[in-house]
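Here is the structure we will look at, set down as structure tokens.
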Amino acid sequence: MSACVPTRTSDSPHTERVHPPHSPPRAPHRRFRVAGADVSASIAVFLIALPLSLGIALATGAPLQAGLVAAAVGGLVAGRLGGSPLQVSGPAAGLTVVTADLIHRYGWRTTCAITVLAGLVQLGLGCLRVARSALAVSPAIVHGMLAGIGVTIAVAQMHIVLGGSPQSAVLDNLRSLPAQLADLHPAAVAVSALTLILLLLWPRLPGRTGRLLRKVPAALVAVTGATATAVFAGLTQPRVELPSWSSHALAGLPEGPVLGLVAAVLTVTLVCSVQSLLGAVAVDKLIAARPGLTAQVNRSDLDRELLGQGATNVVSGALGGLPVAGVAVRSAANVQAGAVSRNSTMLHGVLVVVAALLMVPVLELIPLASLAALVMAVGIQMVSLHHIRTVTRHREVPVYAITTLGVVFLGVLEGVTLGIAVAVAVSMHRLARTRITHDEKEGVHHVHVRGQLTFLAVPRLSRALHHVPHGSCVVVELDGSFMDHAAYETLQDWQRTHTAQGGSVELTGRRAATETDTGIGSGSGSEGVVPPSSTVQPVNGTADSPLAGCRCRPWTPWRNHQCDAPPPEAPHGGPAAEHRAGPPSDPSDAEPDGRTSAVLPQVAESAVASGPARSAAASAPEPTEPSEQVRQTDTTGPGERTESIGAASAAAATGSGPSGRQLVRGISAFQRNTAPLVRGELARLAREGQQPSQLFLTCADSRLVTSMITSSGPGDLFVVRNVGNLVPPPGEESGDDSVAAAIEYAVDVLKVRSITVCGHSGCGAMQALFDAEPGGVQTPLKRWLRHGLPSLERMADPGRPWARLAGRAAADAVEQLCLTNVVEQLDHLRAYASVSRALRAGELELHGMFFHVGEAQAYLLSEAGEGRGEVFDHVGVADLSA
């Protein structure tokens, strides 16, 4: 059969395009087009941005046109140059207090110059690629800063809502608020109240009609309703005034003290950068929540986003606009409205320009009280109860509170500085706070260390250890994640002295530790405490359990485990015991990241140097009766003990062959190490049922670990595996309906959004298909592999170009068949009625994938153009970075 496959050269008459790898693969070059989803999303964002831009300009005391300039520049410049395709930039409420203070101190033209300088600083930081450093700021500080700004905005706008004028400082606004309440303006209060009522009730309209009406932004409805009411009722009150664009003030040379201007530039840079970068990360999370969008939109490039924001602030400030940053409300609306590219952001900027030029008479009908009520509501929402609960749960209330109060009463830069200082103090306090207790239970002395064990806690640790009587049995419980060198030396010196005086020491903590792997024996005199900066966990089994003390990671292959206990029938001190105690002699024995366990060298040294220690480790008692078999347990909470491995399982581990021991030991390690981490997520999946986003059809090859390759978790993939990742064509009377049933169930019942067919290198099924001779006995394997014959025929067809890997030719004919098979099975998929129906409705996507096992490299299928065949494009690390 292999003779029917023609030989082709790897040279192609077509010139291949060389481009950096990315995910998803780059689409063929096309003329500029705007998707319908981008058009509708841009309109939704524009309807939100227009009233908010005017309201924020009003709150800062800047010309109202400055808000429109910033919104238009944010859409066009940041939308085109930014690193977050779906983030919408513009005048942000988080900059209101900063901008208002700058206008009050330096005037409008100097404020524009400060915006330009801040943009230049952002460009410099972007060139230095330090964008990710901004994410190191504690979330409690960011939330506290936004809450303080929100309080300041709400207090200031309250005066306009009541018909008055705000003061420049928060304290002045609070002092004058009682007098303002005594002097209400009924028209302003009525318009403001109507605006707030519409803002509150519009998102809560019930029923099908309400669901349709809620597609119109609440901010637009509130301002439009209040404006229409004021016009028809003939209410006399201040309205929006947009002077002629010919008199619009542009940036001027900065005037003022140098230190003050530098502080102003740094403040604007800090607030704009942090808010934009955190907004980009939030947008990535929103995109990840939409599986169909993740394949179309790349993750945010934070350094490029910082460069785009810098260029935007330079242009906005030069044109007389407000400072610009990424805006969470507009970005969330953009994603939820179905935007698929940066065209929606840019088109929203175009709509703002059109409105600023052609809708001036309409905009001048808007009452200032309505805009003030809108901005006041935004300020109140910035004090988020969700954020308060989050910082409370993480015990960071002092950081949040100090930052909020500092922003309200001192200013943004001062408040953030205070927040950083408090955050550092809290971290140092947590690092230095260590509780050490000593008690005695049934003749055993317990020294419990709770917290990080650093040099600051060494005096208290030495004092507690000094009270332990000589020659006694001691259990030192380390309940922390860090131990520095000073504490390590103290523990090791004390342990040597105590064991030399006839005592015994057992060290327990957060990582599994036994007498063998810690080097601390009962009166053995062996040396070696757990090394500094390591963590320790309690052993859930007994010391003689063959299942206890497994320190290997979940992805460690069984053959590389360092926890294999000697078989029970092995003689004491025999080869099995020596293998257990000795150091790894082959690099393959290392853990997955290339590092051996930190305690293994010490274990080996003490086992070789100390005869008693070696004999004690080798002579662990073995259970003789079934009732004495070890039970592996996992403590799930106070008073709760769940049996993981029962007597029968333990018996299987000790009495069966090596494969049985590996299986039971692996289950035991899962119950002890992994199950506590995933129990909450699996409980949620058990309650909600499975809702996978993808059907992943791949080969049954044992080397393909789908969750590892795709970095997916429980519930993400509906996986179907068979020999050769084959999809039998529908309608064949073959008796192989399992694949068809899985496809129908995944598409019609589970409503998956995509199906991926994944082939791999070195596929034994493709090798068997390639080498098969016609005729002979039809075994089950041969009958199954006949579904791969169309792939072989496709490869042999001279009229069809071969599928290929980007950048290189297939290594051999079998690898070429593996690539062709993926393409052919995708064609088989399209023939299924459920798949075809979902594809026509735009509810399903098909993907081809090839995984090279030896290179640990994934390739995704992309169309190379008519007559050029299919290309499997390289997916690299750069595609996954932000």
Quick one: does [X]'s side chain have a donor or acceptor within less than 3.5 Å of a partner on [Y]'s backbone?
X: W202; Y: V216; value: yes
X: S384; Y: Q381; value: no
X: T60; Y: A57; value: yes
X: R330; Y: V45; value: no
X: D38; Y: S341; value: yes
X: T99; Y: T96; value: no

Legend entry - Pair T195, S370: side-chain N/O donor-acceptor within cut-off below 3.5 Å: yes
Legend entry - Donor-acceptor pair between T115 and N313 side chains, under 3.5 angstrom: no
What's the shortest heavy-atom distance between [X] and [Y], and which atoms?
X: V399; Y: I141; result: CG1-CG1, 3.6 Å
X: I366; Y: T227; result: CA-OG1, 3.6 Å
X: Q275; Y: G326; result: NE2-O, 3.4 Å
X: L717; Y: S712; result: CD1-OG, 3.4 Å
X: A62; Y: W108; result: CB-CZ3, 3.5 Å
X: L50; Y: A355; result: CD1-CB, 4.3 Å

Legend entry - ring pair (Phe, Tyr, Trp, His ring centres under 6.0 Å) pairs, two or more places apart, involving residues 138-157: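 Checked against ring pair (Phe, Tyr, Trp, His ring centres under 6.0 Å) - neighbours excluded - the pairs reaching residues 138-157 are H143-H387.
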Neighbour count above 12 (heavy atom, 6.0 Å) for [X] [atom1]:
X: R105; atom1: CZ; value: no
X: R129; atom1: CZ; value: no
X: E255; atom1: CD; value: no

Distance-only donor-acceptor hits, side chain of residues 316-325, under 3.5 Å, sequence neighbours excluded:
residue : atom : partner : partner atom : Å
S316    : OG   : L322    : O            : 2.8

Evaluate the side-chain proximity of [Y] to [X]: yes if any heavy-atom separation is below 4.5 Å, no if none is.
X: L844; Y: V752; value: yes
X: I153; Y: V378; value: no
X: Y106; Y: C112; value: no
X: D873; Y: Y859; value: no
X: L199; Y: L374; value: yes
X: L266; Y: V262; value: yes
X: L363; Y: L68; value: yes
X: L259; Y: P257; value: no

Legend entry - Name of the residue among T710, T756, D716 meeting side-chain hydrogen bond (donor to acceptor under 3.5 Å, both in side chains) with Q694: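 That would be T756.
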Only pairs under 3.5 Å count here: list side-chain donor-acceptor contacts from residues 75-91, not counting sequence neighbours, and write none if there are none.
residue : atom : partner : partner atom : Å
S84     : OG   : S300    : OG           : 3.1
Q87     : OE1  : A280    : N            : 3.1
Q87     : NE2  : S276    : O            : 3.3
Q87     : NE2  : E305    : OE2          : 2.8
S89     : OG   : Q309    : NE2          : 2.7

Inset, instruction - Could you please spell out the steps behind the side chain to side chain contact (heavy atoms under 4.5 Å, CB included) verdict for L220 and I48? - result: CA-CA 6 Å; L220 178 67; I48 295 174; over 6 Å; no
Straight-line distance of [X] [atom1] to [Y] [atom2], nearest 0.5 Å:
X: R304; Y: L306; atom1: CZ; atom2: CG; answer: 13.0 Å
X: L64; Y: L54; atom1: CG; atom2: CG; answer: 6.0 Å
X: F46; Y: S53; atom1: CZ; atom2: OG; answer: 9.5 Å
X: L805; Y: H852; atom1: CG; atom2: NE2; answer: 8.0 Å
X: L371; Y: R239; atom1: CG; atom2: CZ; answer: 11.5 Å
X: R804; Y: E870; atom1: CZ; atom2: CD; answer: 9.5 Å

Inset, instruction - May I have the step-by-step check of side chain to side chain contact (heavy atoms under 4.5 Å, CB included) for L120 and L117, ending in yes or no? - result: CA-CA 5 Å; L120 294 176; L117 295 175; 4.3 Å; yes
Inset, instruction - Please step through side chain to side chain contact (heavy atoms under 4.5 Å, CB included) for the pair F851 and I709, ending with a clear verdict. - result: CA-CA 9 Å; F851 185 75; I709 296 173; 3.9 Å; yes
Inset, instruction - Give the intermediate values and the outcome of side-chain hydrogen bond (donor to acceptor under 3.5 Å, both in side chains) for residues Q122 and T269. - result: CA-CA 7 Å; Q122 285 181 301; T269 303; 6.0 Å; no
Legend entry - Verdict with supporting geometry, R753 and E843, side chain to side chain contact (heavy atoms under 4.5 Å, CB included): CA-CA 6 Å; R753 301 290 299 175; E843 300 172 351; 4.1 Å; yes
Inset, instruction - Identify which one of L102, T267, V98 satisfies the side-chain contact (heavy atoms from CB on, under 4.5 Å) criterion when paired with I114. - result: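 Testing each of L102, T267, V98 against I114, the sole residue satisfying side-chain contact (heavy atoms from CB on, under 4.5 Å) is L102.
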